[in-house]
Engineer: 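Let me begin by handing over the structure; questions about it come next.
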Amino acid sequence: MTDQDEGVTTLARQGSITFAGNVINGALGFAIVMLMTRFVSPSVYGLFVLATSVILFMQVFANLGLPLAIDYFVPQYLDNDEYGKAKGVIVQVTATVLVTSSLVALALALSAATFAEFFEEPALRVGLLLLSVTIPMLAIYNVLLTSYYSIKKLQYRVIMRDLVRPIVRFTATAGLLLAGFGLLGLVAGYIVGLFVAITVGAAVFTYKAWDLLSRELELVAPGPLVKYSVPLAMTSVVFVLMGHVDYFVLGFFLDSDDVGIYRVGYMLGSGLMIIFNSLSPVFKPLIAESRDDIDLVEQRFRIMARWIAGITLPVAIFLSLGASSFLAVLYTPQYAEATAVVALLAAAFLFNVTFGGPDGSLLQGLGYSRFVFANTLVLFGVNLLVSFTLVPFIGMEGAAIGSATALFLVGGLTLAEIYYLDGIHPFTRDFAKIVGAGIPAIVAGAPVVYVLESDLLIVTVLPIVVVATYAGTLVLTDAFTDDDARMAAEFSPTLRKWLPVGGSG
């Protein structure tokens, strides 16, 4: 089997594992939010969103971007049989982020009252004080995640991130909310879920990666680690701001209930990240280890782009068409105010994740961390400017327009940069077939929304109509390639038998 075939196989096998985990995690994540929106008011939920947004923002300063160096350097050391250095990277990163994150946690605890005064939400102070302990916890959590990525053993990451954490969090939160703890219940459930996940994740990683961890430690020069990580640390600061600037802007101009409603809409629209998040963790190391072979990099990029677009596009279509019904059924009718938010973000995330994602995983894998930083600055700057301009006039839709504009712009920049730097692009005849199949799906799905009056019926029927039409169009246009067949075989041998292969690539 060639390197190319091995890359496709690895991408599919590990991607299928993370996809299964992401589906479970996504389902449990939606269940947790559904639980919250039924037991607390939008204003209390909005306070919790603000508090966790501050925590996630501060946490970026705490880890200095160093966990991102693990899944860049460790695969290279392992490929060269330098196990001591691979262990050294993990140990050095862990020790550093433990110190820095503890200092940031202390700083946040001391400044909690200032944040509460800024957002004019006194209850925010209590939430931040309690959640400050999660900053060093999140740093170790991220080290564990990237360590799993680096050894391409994502099934263990699934155990920690997609099973243990959400299940424990859901159980703890449900019990506390039933006991009437409100905001404190949301905070405590978050902390308990994270603590148990780290405990289990560390134990599993120690056991499964013992061959690596038992090697003699060989410290590596900190220079290359810092040189790679610092731009990505700054990128992460801006990227997290990008992900939470909407909540900060809404919290500044509007009330906490608007933050809660917008968060639900954002969560539904950004659910399209599930396919990208399934393939990205293994895609970056695959690119990093073969970055000198540009033809192989381009081949892998094209396969990933086609699969992300092919699976994400029909979901984006039925979420956009039936946004109001999905919000009303999954949450409560009052959250249907976020209909436009879902539609805008679904389109924007579809475009962005198809061409490398908002975190620029392709550029990261190729070593262009400075370009990722520049792109993320654009992502944040455009989002902040547009949101700050529009939110006072049109409310939460202004924040959605800001995010969507930034995602479209950075997706386009990524395409231009990888073509300029290495002559790589994803556009082929087979890619056009994947995109073109969306047109009949839209035509078939639109009448469902207008003819059916029941939200529950729309939520049931619309996905079936859209997905069936989309899949049928792919078959009629002979859109499947040999690479698709290899990917499908790794996901499911049965799926491979059903897949009509005839495309060229």
Engineer: Return the minimal non-hydrogen interatomic distance between Ile135 and Gln59, and the atom names on each side.
Structural biologist: O-CG, 3.9 Å
Engineer: Looking at residues at least two apart in the chain, or sitting in another chain, which of them share a side chain to side chain donor-acceptor pair (under 3.5 Å) with Asp255?
Structural biologist: none
Engineer: Measure from the side-chain N and O atoms of Asp422 to the backbone N and O of Ile418, and report whether any donor-acceptor pair falls under 3.5 Å.
Structural biologist: no
Engineer: Which donor-acceptor pairs under 3.5 Å do the side chains of residues 39-52 make with protein atoms, sequence neighbours left out?
Structural biologist:
from	atom 1	to	atom 2	distance (Å)
Ser41	OG	Ser43	OG	2.8
Ser41	OG	Val44	N	3.3
Thr52	OG1	Phe48	O	3.0
Thr52	OG1	Val49	O	3.1

Engineer: Check for a donor-acceptor pair, side chain of Thr312 on one end and backbone N or O of Ala309 on the other, with a separation under 3.5 Å.
Structural biologist: no
Engineer: Distance check, rounded to the nearest 0.5 Å: Leu268 atom CG versus Arg263 atom CZ?
Structural biologist: 11.0 Å
Engineer: At their closest point, which heavy atom of Leu344 faces which heavy atom of Ala400, and how far apart are they?
Structural biologist: CD1-CB, 3.9 Å
Engineer: Backbone N or O of Gly201 within a donor-acceptor pair of the Tyr148 side chain at under 3.5 Å?
Structural biologist: yes
Engineer: Using the test ring pair (Phe, Tyr, Trp, His ring centres under 6.0 Å), find all partners of Phe181 that sit at least two apart in sequence or belong to another chain.
Structural biologist: none
Engineer: Return a table of donor-acceptor pairs under 3.5 angstrom between the side chains of residues 98-107 and protein atoms on other chains or two or more places apart.
Structural biologist:
from	atom 1	to	atom 2	distance (Å)
Thr100	OG1	Ala62	O	2.3
Thr100	OG1	Thr96	O	3.2
Thr100	OG1	Val97	O	3.4
Ser101	OG	Val97	O	2.5
Ser101	OG	Leu98	O	3.3
Ser102	OG	Leu98	O	2.8

Engineer: Please report the interatomic distance CG(Leu108) to CE(Met58), rounded to the nearest 0.5 Å.
Structural biologist: 5.0 Å
Engineer: Kindly assign one of parallel, tilted or perpendicular to the pair Tyr266 and Tyr247, based on the angle between their ring planes and the thresholds 30° and 60°.
Structural biologist: perpendicular
Engineer: Looking only at side chains, do Tyr262 and Asp246 share a donor and an acceptor under 3.5 Å apart?
Structural biologist: yes
Engineer: Verify, without hydrogens or angle tests, whether Gln92 (side chain) and Val220 (backbone) share a donor-acceptor contact under 3.5 angstrom.
Structural biologist: yes
Engineer: Per the salt bridge (charged side-chain N to carboxylate O under 4.0 Å, His left out) rule, what does the pair list look like for residues 189-218, sequence neighbours excluded?
Structural biologist: Asp211-Arg215
Engineer: Looking at OG of Ser387 and CZ of Phe253, how far apart are the two atoms once the value is rounded to the nearest 0.5 Å?
Structural biologist: 10.0 Å
Engineer: About how many Å separate CE of Met267 and CG of Leu327, when rounded to the nearest 0.5 Å?
Structural biologist: 11.5 Å
Engineer: Partners of Tyr190 by ring pair (Phe, Tyr, Trp, His ring centres under 6.0 Å), sequence neighbours excluded?
Structural biologist: none
Engineer: Measure the CG-CD1 distance between Leu194 and Ile140 for me, rounded to the nearest 0.5 Å.
Structural biologist: 10.5 Å
Engineer: Between Arg169 (side chain) and Val192 (backbone), is there a donor-acceptor pair under 3.5 Å?
Structural biologist: no
Engineer: If you compare all heavy atoms of Val245 against all heavy atoms of Phe380, which two are closest, and at what distance to 0.1 Å?
Structural biologist: CG2-CE1, 4.0 Å
Engineer: Can you tell me how far CG of Asp293 sits from CD of Glu298, rounded to the nearest 0.5 angstrom?
Structural biologist: 11.0 Å
